[in-house]
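Side chains included, hydrogens not; waters and symmetry mates left out as well; all remaining heavy atoms used. We count ligands from 1, going down the list as the structure has it; atoms in each ligand are counted the same way.
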Amino acid sequence: MVGISTKIDTRYWNISPHRPERGKVIQASSIISGGGIVAFPTETVYGLGADAWNSRAIEKIYLAKERPADNPLIVHIAYFHQMRDLVQDITPTARYLARRFWPGPLTLVLPKGNGIPEIVTAGLDTVAIRMPAHPVAKSLIYYSRRPIVAPSANRSGRPSPTTALHVLRDMYGRIDGVMDGGTAKVGVESTVLDITGDIPIILRPGGIPLEDLERALGQVDLDTGLESRGEDTKPRSPGMKYRHYAPKGELHIFLGGPDVVTAKAMVEAAGEWWRKGGRVGILCSREVYEMINEMDDISDAIYFMRSLGGWDDPGAAARGLYSALHQCDLDEVDIILVQALPTRGIGLAVMNRLLKAAGNRVVKV
Ligand code: TXA
Ligand code: MG
């Protein structure tokens with residue numbers, strides 16, 4: 001992939017996440033309508049936006065992110081009417097799900113409308129659409145007067161950004177601006193749901209839990225490509241086939257409960273890596289975090305440790321996940337030992353991201 005040779009002057013706006021200042025939003029939206037690319041907060045993660053009708057602007061996104069060209073983008077809308085030009089047909093299921101879950105962290109995949117540039121959908125005949133709930137995202141789309149395509153505002157393969165600082169670390173000099181609207185509340189990306197067939201299929205677990213979709217729709221399937229460890233089944237969401245969401249250090253997942261057995265196994269492994277010269281970080285449930293802190297034989301092996309919240313609180317793990325992975329990078333940790341957490345609710349998305357980041361390196365405790 002081609003790198004970026006000229007450094008772009010990246011503008012910065014500090015903006016209220018509750019009542020975005022109109023003047024600042026208009027400055028950012030005029031960059032979008034002029035063919036530039038601007039990062040902005042959504043309730044899930046920060047996105048990197050461009051005019052959905054402008055192929056040349058969208059090319060800049062692929063370049064800035066070093067994103068593979070076969071990975072399509074999500075089109076973000078501010079109000080339901082904007083969907084009309086984007087799809088073949090607004091199906092009853094789409095209408096129902098929109099009423100129930102929009103604005104919010106749900107992305108719907110539908111047969112695409114005619115005018116959509118090829119580069120948005122990477123040649124697929126479907127398009128992914130979402131209406132974000134974040135006031136800054138909403139007003140940016142509104143004042144730009146067009147739908148905005150936006151992948152997460154990180155370089156391809158790296159952990160997604162949940163703060164403007166994360167965005168700047170990856171993207172400063174590569175994009176035209178960043179709207180800083182504080183920390184993204186959900187912390188993991190939207191759920192991508194394919195509703196082109198009879199049974200809806202989750203292509204990427206995310207902010208809206210499988211259980212909520214099942215309550216709304218009855219049967220909902222998980223894309224079989226998601227579970228696969230080998231290369232035999234291809235995920236239907238192109239983005240899910242890459243090693244992804246990964247910090248620079250090597251990640252290992254520990255499958256164990258919130259108990260002392262897990263705590264000991266992680267401390268022991270930390271010691272082993274440390275003796276081999278690695279700098280070790282640990283991410284775990286609050287329960288295991290407290291147990292490790294109370295051990296008296298704990299060595300100097302652990303350079304960095306962070307709790308992802310209580311074992312029963314997948315929402316907390318989602319909120320803290322990416323910032324913990326970014327912190328591992330800042331601390332230049334070589335080996336990151338992570339306790340697996342329950343896959344209930346949004347926990348399914350958390351474990352999906354962790355397993356991807358770990359390239360499926362899993363240790364049973
Ligand atoms: O929460 C989110 O969804 C964030 C915020 C910024 O809205 N966006 C985001 O975009 O996560 P991105 O580009 O990082 O991930 C989009 C995912 C990729 O896995 C991509 O392959 C999939 O959606 N996707 C996009 N269009 C698709 C399509 N037509 N069919 C199947 N998958 C699609
Ligand atoms: Mg992404």
Side-chain angles (χ1 to χ4, degrees), residues 37-50 52 58 61-62 64-78 86-88 101-113 116 118-134 136-138 140-141 147-162 166-167 170-171 179 181 184-197 201-208 223 225-226 234-246 318 322 346 349 352-353 356-357:
I37 55 177
V38 174
F40 60 96
T42 84
E43 70 279 23
T44 56
V45 300
Y46 273 69
L48 177 57
I58 300 168
I61 288 184
Y62 281 87
K65 279 183 61 85
E66 297 172 27
R67 182 178 176 102
D70 67 348
N71 193 5
L73 302 173
I74 296 173
V75 186
H76 295 68
I77 59 177
L86 298 171
V87 297
Q88 289 289 331
F101 295 105
W102 281 356
L106 178 67
T107 295
L108 299 177
V109 172
L110 286 154
K112 72 171 219 176
I116 300 184
E118 279 286 294
I119 190 170
V120 172
T121 58
L124 298 177
D125 52 11
T126 54
V127 61
I129 304 174
R130 135 168 151 85
M131 188 192 291
H134 199 292
V136 172
K138 201 176 151 152
L140 179 69
I141 302 165
I148 290 181
V149 292
S152 49
N154 51 293
R155 291 211 213 160
S156 247
R158 309 256 308 118
S160 298
T162 52
H166 295 157
V167 176
D170 258 22
M171 291 300 192
M179 305 171 89
K185 288 278 175 320
V186 178
V188 293
E189 298 86 343
S190 62
T191 302
V192 179
L193 186 71
D194 182 329
I195 51 169
T196 57
I201 304 169
I202 292 183
L203 305 184
R204 176 181 73 180
I208 298 288
D223 181 16
L226 284 176
K234 198 170 147 219
R236 296 172 37 153
S237 182
M240 299 310 284
K241 70 173 182 271
Y242 301 104
R243 176 160 185 259
H244 221 283
Y245 313 110
Y322 285 131
I346 202 170
N352 167 266
R353 306 303 188 270
K356 288 254 153 207

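Remark: minimum distance from atom 32 (N) of ligand 1 to any protein heavy atom is reached at S237 OG, 3.2 Å. Taking atom 23 (O) of ligand 1 as the reference point, the nearest protein heavy-atom neighbour is V192 CG2, 3.9 Å. When only non-hydrogen protein atoms are considered, atom 3 (O) of ligand 1 lies nearest to S190 OG, 2.5 Å. If you check which protein heavy atom lies closest to atom 14 (O) of ligand 1, you get S152 OG, 3.0 Å. Distance from atom 11 (O) of ligand 1 to its nearest protein heavy atom, with residue and atom name: R204 NH1, 3.0 Å. In this structure, the protein non-hydrogen atom closest to atom 27 (C) of ligand 1 is P72 CG, 3.4 Å. Of all protein heavy atoms, the one lying nearest to atom 20 (C) of ligand 1 is N71 OD1, 3.2 Å. Nearest protein heavy-atom contact of atom 6 (C) of ligand 1 is G47 CA, 3.5 Å.
Between N154 and P159, every side-chain heavy-atom pair lies at or beyond the 4.5 Å cut-off.
Less than 4.0 angstrom separates some heavy atom of T44 from each of these atoms of ligand 1: 1 (O), 2 (C), 4 (C), 5 (C). Remark: ligand 1 atoms within the under-4.0 Å shell around heavy atoms of L73 are 25 (C), 26 (N). Less than 4.0 angstrom separates some heavy atom of T126 from each of these atoms of ligand 1: 28 (C), 29 (N), 30 (N). Taking a cut-off of under 4.0 Å to the non-hydrogen atoms of H76, the atoms of ligand 1 that pass are 5 (C), 6 (C), 7 (O). Interface of L124 with ligand 1, defined as ligand atoms under 4.0 Å from a residue heavy atom, comprises 28 (C), 29 (N), 30 (N).
Using a 4.0 Å cut-off between heavy atoms, L203 contacts ligand 1 through its side chain alone, with no backbone atom that close. Looking at A150 against ligand 1, only its backbone comes within 4.0 Å, counting heavy atoms. Under 4.0 Å from ligand 1, the heavy atoms of R67 that appear belong solely to its side chain. When non-hydrogen atoms are compared, ligand 1 lies under 4.0 Å from neither the backbone nor the side chain of K112.
Under a 3.5 Å cut-off, the side chain of R67 and the backbone N or O of P72 do form a donor-acceptor pair. No side-chain donor-acceptor contact under 3.5 Å links Y46 to the backbone of H166. The main-chain N or O of Y245 is never found under 3.5 Å from a side-chain atom of Y322 such that the two would form a donor-acceptor pair. Side-chain N or O atoms of T191 include one that pairs as donor or acceptor with a backbone N or O of I208 at under 3.5 Å. No donor-acceptor pair under 3.5 Å is formed between the side chain of D194 and the backbone N or O of I201. Within the 3.5 Å criterion, the main-chain N or O of A133 finds a donor-acceptor partner in the side chain of E43.
Rounded to the nearest 0.5 angstrom, I61 CD1 and I119 CD1 are separated by 8.5 Å. For the atom pair M131 CE and I77 CD1, the distance stands at 4.5 Å (nearest 0.5 Å). The distance from the CE atom of M171 to the CG atom of L48 is 5.5 Å, given to the nearest 0.5 Å.
For the residue pair S190 and T107, a side-chain donor N or O sits within less than 3.5 Å of a side-chain acceptor on the partner.
Ion pairing between R130 and E189 fails under the 4.0 Å rule for side-chain N and carboxylate O.
Looking at I74, I201, V127 and measuring to atom 16 (C) of ligand 1, the nearest heavy atom belongs to I74. When the heavy-atom distances from atom 12 (P) of ligand 1 to P132, P151, S156 are ranked, the shortest goes to P151.
The number of heavy-atom neighbours closer than 6.0 Å to NZ of K112, taken from other residues, nucleotides and ligands shown, is above 12.
When distances to the Mg ion (ligand 2) are checked against a cut-off of 2.8 Å, S152 contributes an N, O or S atom below that limit.
For the pair Y46 and ligand 1, the shortest N or O to N or O distance does not fall below 3.5 Å.
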